[in-house]
Amino acid sequence: MTDRIWPEVYKKLGVEPIINAQSWVTALGGSIMRPEVLAAMDEAANAFVDIKKLNRAAGEVVALACGAEQGLVTAGCSAAQVLMVAACMTGQSESNVEQLPDTTGMKNEVVLFKGQRNRYDKAFVTAGAKLVVYGSEEEGTIDELEAAINEKTACVAFVIMPFAPQGVGLEETIRVAHKRGVPVIVDAAAELPPRANLSKFHKLGADMVAFSGGKGIGGPQSSGLLAGKADLVEAAVMNSLNLDSSVAGIGRPMKVSKENIVGLVTAIQLFTDSDEAAEWEGWQLKAQYVAERLQGIDGVQVKIEDDPAERQGPQPVLYFEDEFEGPSISEIKEQLENGDPAIFVGGASERAEINIVMVNVQDGEEIVIADRMNEILRSS
Ligand SMILES: *Cc1c(COP(=O)(O)O)cnc(C)c1O
């Protein structure tokens with residue numbers, strides 16, 4: 001390690017900190033909580049409370065932030081996905097809640113556009129549902145969506161994530177599903193910021209929307225939130241701890257600690273009050289610095305990209321052309337990850353790009369990244 005702080009708690013475990021230029025990915029630690037969030041969690045840890053009351057109160061904060069009828073703090077967006085599907089299957093029937101993951105007698109199909117299949121979609125079936133996929137990897141049509149919906153459909157799921165195609169789009173999906181009386185649930189895990197997205201999908205008519213708490217909001221890494229129509233969110237609450245019943249809900253293994261509930265609530269409040277433009281400007285400056293340092297390498301075009309449909313904040317993207325004679329994209333990433341400190345960037349060989357995402361790059365780390373990239377790219 002050079003010049004960087006190696007927190008004692010990690011040092012004792014022999015685990016070195018890394019530079020995270022890959023975004024709010026779980027594998028690299030999500031995000032860094034603000035001191036106010038940590039202070040709130042510390043305070044919360046010093047008293048016992050009635051968890052049911054705490055859940056209700058926190059749910060109101062979530063609902064308000066999302067412009068939704070009701071909200072719930074969950075153990076991550078994946079947990080929220082499990083609870084949303086469970087809610088759509090059980091409704092507020094106590095016996096249905098107790099019966100899961102056995103879905104006998106319940107609507108148990110989740111319709112999803114094939115182009116939005118992703119590594120997190122197992123959460124849609126965890127509660128016992130079956131996935132019904134329509135369309136191709138690139139395209140889905142209204143006819144295909146309509147044909148996928150039947151009397152067993154519990155809900156239509158819609159996933160919003162970088163580079164995932166939108167199919168017929170959220171608005172059309174909602175229109176088609178609602179015409180058949182079927183709710184639409186949205187996984188928008190990493191779509192914050194911008195904070196306008198907290199309420200955007202509700203305004204379009206989505207029945208429930210889930211976000212990660214440990215990504216752009218800056219809450220505890222294992223927290224998340226869902227919000228939406230009161231009857232469905234109430235059913236999600238029943239499927240979580242189900243504290244009123246002798247049988248815990250399907251969501252019991254995904255409980256949220258009092259510290260995490262308070263941490264997420266505090267993070268949401270800071271997030272909705274934050275100066276978004278200033279934060280963006282900070283990322284932009286780091287992106288510009290790295291982009292400038294990487295100009296003039298034969299066969300490498302460096303551009304700052306910031307299309308919100310594809311990118312998490314402004315970021316230098318390196319496009320590799322055939323005349324580039326240096327190492328392959330995977331070799332470059334390997335060298336970065338094996339360096340000291342280890343640097344993780346985004347991008348894949350299929351897209352012939354490396355992207356350097358700034359949202360988690362701490363002040364000064366952009367210099368380390370540019371130095372190391374230059375060493376690797378200009379050595380050939
Ligand atoms: C990160 C992510 C999840 C999982 O969220 P957690 O909060 O880590 O549980 C689900 N879906 C998508 C699209 C994600 O990006």
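When a ligand or atom number is given, it counts from 1 through the structure's own listing order.
Using a 4.5 Å cut-off between side-chain heavy atoms of Ile, Leu, Val, Met, Phe, Trp and Tyr, with links allowed through other members, Ile174 and Phe124 fall into different hydrophobic clusters.
The shortest heavy-atom distance from Thr26 to ligand 1 is under 4.0 Å. Assignment of Gln81 to the shell around ligand 1 is supported, since a heavy atom sits closer than 4.0 Å.
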Practice problem: Carefully, step by step, assess Lys200 and Glu191 under the rule side chain to side chain contact (heavy atoms under 4.5 Å, CB included). | Solution: CA-CA 11 Å; Lys200 180 177 176 184; Glu191 298 303 304; over 6 Å; no

Quiz item: Is there a side chain to side chain contact (heavy atoms under 4.5 Å, CB included) between Lys333 and Ser330 once you walk through the steps?
Solution: CA-CA 5 Å; Lys333 289 178 79 172; Ser330 50; 5.6 Å; no

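Of all the heavy atoms of Ala189, the ones lying under 4.0 Å from any atom of ligand 1 belong exclusively to the side chain.
When the heavy atoms of Ile160, Val25, Asp187 are ranked by distance to atom 13 (C) of ligand 1, first place goes to Asp187. Nearest residue to atom 6 (P) of ligand 1 from Cys77, Gly213, Pro162 is Cys77 (criterion: closest heavy atom).
Aromatic ring pairs are classed by plane angle as parallel below 30°, tilted from 30° to 60° and perpendicular above 60°; the pair Trp24 and Trp283 is perpendicular.
The salt bridge (Lys or Arg N to Asp or Glu O under 4.0 Å) test with Glu146 singles out one residue from Arg175, Arg180, Lys179, and that residue is Lys179.
Within ligand 1, counting atoms from 1 as listed, the ones closer than 4.0 Å to a heavy atom of Gly76 are 7 (O), 9 (O). Residue-ligand proximity, Lys215 to ligand 1, at heavy-atom distances under 4.0 Å covers atoms 1 (C), 2 (C), 3 (C), 5 (O), 14 (C), 15 (O).
Looking at Lys286 and Glu365, no side-chain N of the basic residue comes within less than 4.0 Å of a carboxylate O on the acidic one, giving no salt bridge. The pair Arg56-Glu234 counts as a salt bridge, with a side-chain nitrogen and a carboxylate oxygen less than 4.0 angstrom apart.
Residue-to-ligand polar distances place Ser78 within reach of ligand 1: an N/O pair is separated by less than 3.5 Å. By the 3.5 Å distance cut-off applied to N or O atoms, Ser212 is counted among the residues near ligand 1.
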